[in-house]
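Read the structure below first, then the notes.
Numbering of ligands and ligand atoms starts at 1, following listing order.
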Amino acid sequence: MRGKGWEPWKPGLKLPLPGLPRVVAHRGASADAPENTLAAFRLARERGATMVELDTRLTRDGVLVVIHDSTLDRTTDGHGRVIETDAARIAALDAGSWFDPRFRGEAVPTLEAALELLARLGMGVNVELKADPGQERRTGAEAARLIERVWPAEGPPVLLSSFAEEALAAARREAPDLPRGLLRERAGPDWREALERLACTTLHLGRGHLDEETLRELVREAVPVLVYTVNDPAEARRLFDRGVRAVFSDRPEAIAPVAPPLPHAWS
Ligand code: G3P
Ligand code: CA
């Protein structure tokens, strides 16, 4: 069973979440390597990160690949929509040169290849489910099935997250023990109901919409709040001091020095 000790949130219940670090490398060490590539994940490890966040979505032929956008244009030398392109064509694209010629030849990884690398490196992973309209259920179910098949049962933490509640619900039906995080730009008035309905463990919120009052309420209710995307160490420190459990950062090595230590029992 994966996610041992990572129970769904319940009001006021302080979850230890063993293995969840203070800083999660956002799309890998994406300030210094092309986002969502194996190079970015390896660099995150070299820089001391113990967990990465990545984005996954389906190709036309139903393969989960690791890419943020719904189209190939920004981060590869290809064009068009991921959901309208076969995996073999995507595998042949260059996902490194747009970032820096030094990374020429870096590929768009399949989710399976990324998980295999991360497990080998001993790194935890937050798999963010990205889905074009209509693909939410399939994406959630396929990702959960794949993780169940390839992620070591006693391995580092694996956490699914999504803005798409349908994707989380589908993942839950497929693999109820895989921990889930609800991803929202802002918590919204129904955060409590949504966390309970989807049996989520964590709540992932955008840094730009985090008001003091909501954060105080979330911390009072012991919701593990993870904030994206925080690249300024002073801002990260302020968030930690206000009770934020972890931040996503493109520069994990810049944030780690300001992160307060976790209680021994949590690490
Ligand atoms: O998972 C946190 C964050 O990555 C969500 O936003 O657009 O960077 O995928 P985005
Ligand atoms: Ca993401």
In terms of side-chain heavy atoms, does Ser161 have a donor or acceptor partner in Asn126 at a distance below 3.5 Å? yes
Heavy-atom neighbours of Glu193 CD exceed 12 at 6.0 Å: yes
Does ligand 1 have a heavy atom under 4.0 Å from the side chain of Arg27, from its backbone, from both, or from neither? side chain
Could you walk me through whether Leu17 and Thr201 pass the side chain to side chain contact (heavy atoms under 4.5 Å, CB included) check? CA-CA 9 Å; Leu17 309 184; Thr201 298; 3.5 Å; yes
Evaluate whether atom CZ of Arg89 has more than 12 neighbouring non-hydrogen atoms of other residues, nucleotides or ligands under 6.0 angstrom away. no
Does Arg60 pair with Glu84 as a salt bridge, N-O distance under 4.0 Å? no
When only distance counts, is His204 in polar contact with ligand 1, meaning an N/O pair under 3.5 Å? no
Measure the distance from atom 10 (P) of ligand 1 to every protein heavy atom, then report the residue, atom name and distance (to 0.1 Å) of the closest one. His68 NE2, 3.4 Å
Hey, what's the ring geometry for Phe248 with His204, parallel, tilted or perpendicular (30° and 60° as the breaks)? tilted
Relative to the heavy atoms of Asp55, which atoms of ligand 1 are at a distance of less than 4.0 Å? 9 (O)
Count the heavy atoms of every other residue, nucleotide or ligand shown that sit under 6.0 Å from CZ of Arg138, and state whether that count exceeds 12. yes
Could you tell me which residues satisfy side chain to side chain contact (heavy atoms under 4.5 Å, CB included) with Ala167, sequence neighbours excluded, listed by chain and number? Leu129, Glu136, Ser162, Ala164
Which of the atoms in ligand 1, numbered in the order shown and given with their element, are less than 4.0 Å from a heavy-atom of Glu128? 1 (O), 3 (C), 4 (O), 5 (C), 9 (O)
Kindly write out the residues that satisfy side-chain hydrogen bond (donor to acceptor under 3.5 Å, both in side chains) with Arg238, not counting sequence neighbours, or none if the list is empty. none
Counting only protein atoms, how many N/O/S atoms are less than 3.0 Å away from the Ca ion (ligand 2)? 3
Output the list of atoms in ligand 1 that are nearer than 4.0 Å to some heavy atom of His26, sorted by atom number. 3 (C), 4 (O), 8 (O)
Would you mind running through ligand 1 and noting each atom that sits below 4.0 Å from a heavy atom of Lys130? 7 (O), 9 (O), 10 (P)
Taking side chain to side chain contact (heavy atoms under 4.5 Å, CB included) as the definition, give me every residue that meets it alongside Glu221, ordered by chain and number, with sequence neighbours left out. Trp9, Pro11, Trp191, Arg192, Val223
Counting heavy atoms under 4.0 Å, the part of Thr229 that contacts ligand 1 is neither
Residue pair Val65 / Val82, side-chain heavy-atom distance below 4.5 Å: yes
Atom 6 (O) of ligand 1: the protein heavy-atom neighbour that sits closest, reported with distance to 0.1 Å: Tyr228 CE1, 3.8 Å
Glu53 heavy atoms, cut-off 4.0 Å: which ligand 1 atoms fall inside? 1 (O), 2 (C), 3 (C), 4 (O)
